[in-house]
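Heads up: the structure comes next, in structure tokens.
As a basis for the values below, the full set of heavy atoms in this structure was taken, side chains included, without hydrogen atoms, waters or symmetry mates. Every chain is numbered from 1, with letters handed out A, B, ... down the list of sequences.
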Amino acid sequence: VVTHSLMLWQMLKARQIGQAWKLFEEMKLNGRVPDVIAYSILVAGFAKAGALQEARKVFDEMKEKGVAPNLHTYNGYLDGLVKTRQMEQACNLFQEMQENGTGADAYTYTTLLDGFVKVGRIQEARNLYQELNEKGCSPDVVTYSVLILGLRKGGQAKKALQILNKMKDVGCLPSVMTCNTVMHSLVKAGQMEAALNVFNEMKAGGIAPSVSSFNILLKGLGNWGQVDDACALFEELKASGEVPSEITYNTLIDGLGKAGRTEKAAELFKDMKEKRLAPTRITYNCLINVLAKAGQTDEALTLFEEMKVNGFVPN
RNA sequence: GAUGACCCCCUCC
């Protein structure tokens with residue numbers, strides 16, 4: 001049974017739903033009796049693959065056969081309901097778990113939280129988060145990340161920062177992406193110092209900033225006209241071993257242009273080409289704007305032609 | 001041998 005379970009698990013990870021179903025039938029015909037783990041693998045696997053019907057079937061079958069679903073099984077099925085955005089059903093299942101003594105762990109709460117956050121039911125997500133804490137469940141990295149990523153949409157920079165700080169307090173190491181999300185919110189909210197703070201803390205905490213981290217800050221510094229700081233950060237980026245992307249150049253060119261540093265912007269454009277980074281439509285847009293604003297109409301027109309030659313459609 | 005997020009984070013208009 002263990003061997004078969006492993007095979008089922010691998011098939012489901014590869015989303016081979018039909019195959020997994022066949023193997024499951026076969027193993028039963030051969031007289032092997034699936035246990036809780038085997039059933040749970042199937043429920044979770046089908047649920048994750050979006051095959052909720054099969055998950056349901058397996059879930060019912062195990063109950064019929066007298067195999068009691070455990071927390072893993074319920075969590076797997078709950079995930080299926082959440083993935084298909086059936087939040088009412090998910091809540092009912094959660095209720096059932098509490099009533100029949102299965103209980104809930106961090107996985108249960110995080111799965112539900114993720115669902116609420118994804119459908120924009122933030123208040124319910126908050127309540128659930130509170131309940132989780134009251135029940136003495138420890139939120140983990142994933143729980144916190146779900147919250148932070150979920151708060152991304154509504155200008156909730158302060159809140160996101162609070163959660164990030166809490167993560168550090170309890171010793172959860174946030175991922176680079178989670179940090180980036182928070183920095184992005186802060187930059188959008190105009191909280192540049194706070195964003196830089198996060199950046200410094202992540203470095204101090206041993207989390208290596210990615211190109212995107214730099215890009216986010218470059219954009220923020222550009223917005224505030226702090227182009228010298230932006231250039232310094234650009235140097236730091238190159239020194240860090242990360243490779244500047246087209247987006248890095250676009251962002252910096254745009255920032256420099258807005259600050260009236262036309263020559264420096266043009267210089268970067270050259271630098272970009274030397275690095276064999278292909279300018280994008282956005283690069284051209286930025287630089288043309290810069291040149292036009294500086295009254296360098298001829299240069300702007302030249303660039304406009306170059307843009308069309310390279311197959312970009314001006315907007 | 002089994003369960004959760006991100007992995008379509010960043011740039012012009």
Would you indicate what A:Ala38 reaches in the nucleic acid, counting non-hydrogen atoms under 4.0 angstrom: base, sugar-phosphate, or nothing? base
Applying a 4.0 Å non-hydrogen cut-off, can you work out what A:Asn180 is touching in the nucleic acid: base, sugar-phosphate, or nothing? base
N/O donor to acceptor pairs below 3.5 angstrom from side-chain atoms of residues 113-120 of chain A, sequence neighbours left out:
unit_1	atom_1	unit_2	atom_2	d
A:Asp114	OD1	A:Lys118	NZ	3.0
A:Asp114	OD2	A:Lys118	NZ	2.9

With a 4.0 Å cut-off on heavy atoms, is A:Thr251 in touch with a base, just the backbone sugar-phosphate, or nothing at all? sugar-phosphate
Under 3.5 Å donor-acceptor pair, A:Thr143 side-chain atoms to B:G4 base atoms: yes
Assign A:Lys13 to base, sugar-phosphate, or nothing according to its heavy-atom contacts below 4.0 angstrom with the strands shown. nothing
Flag for A:Gln86-A:Thr84: side-chain donor and acceptor within less than 3.5 Å: yes
Which is true for A:Asp35 with a 4.0 Å heavy-atom rule: it touches a base, it touches only sugar-phosphate, or it touches nothing? base
Between the main-chain N or O of A:Glu193 and the side-chain N or O of A:Asn197, is there a donor-acceptor pair closer than 3.5 Å? no
Pair of N/O donor and acceptor under 3.5 Å linking B:G1 base with A:Ser5 side chain: yes
Ignoring hydrogens and geometry beyond distance, is a side-chain donor-acceptor pair present between A:Asn180 and A:Asn215 at under 3.5 Å? no
Answer with yes or no whether A:Asn75 presents, from its side chain, a donor or acceptor under 3.5 Å of a partner atom in the base of B:A2. no
With heavy atoms under 4.0 Å as the rule, sort A:Thr110 into base, sugar-phosphate or nothing. base
Of all the choices, B:U11, B:G1, B:C9, which nucleotide is nearest to the side chain of A:Ile37 once you look at every atom? B:G1
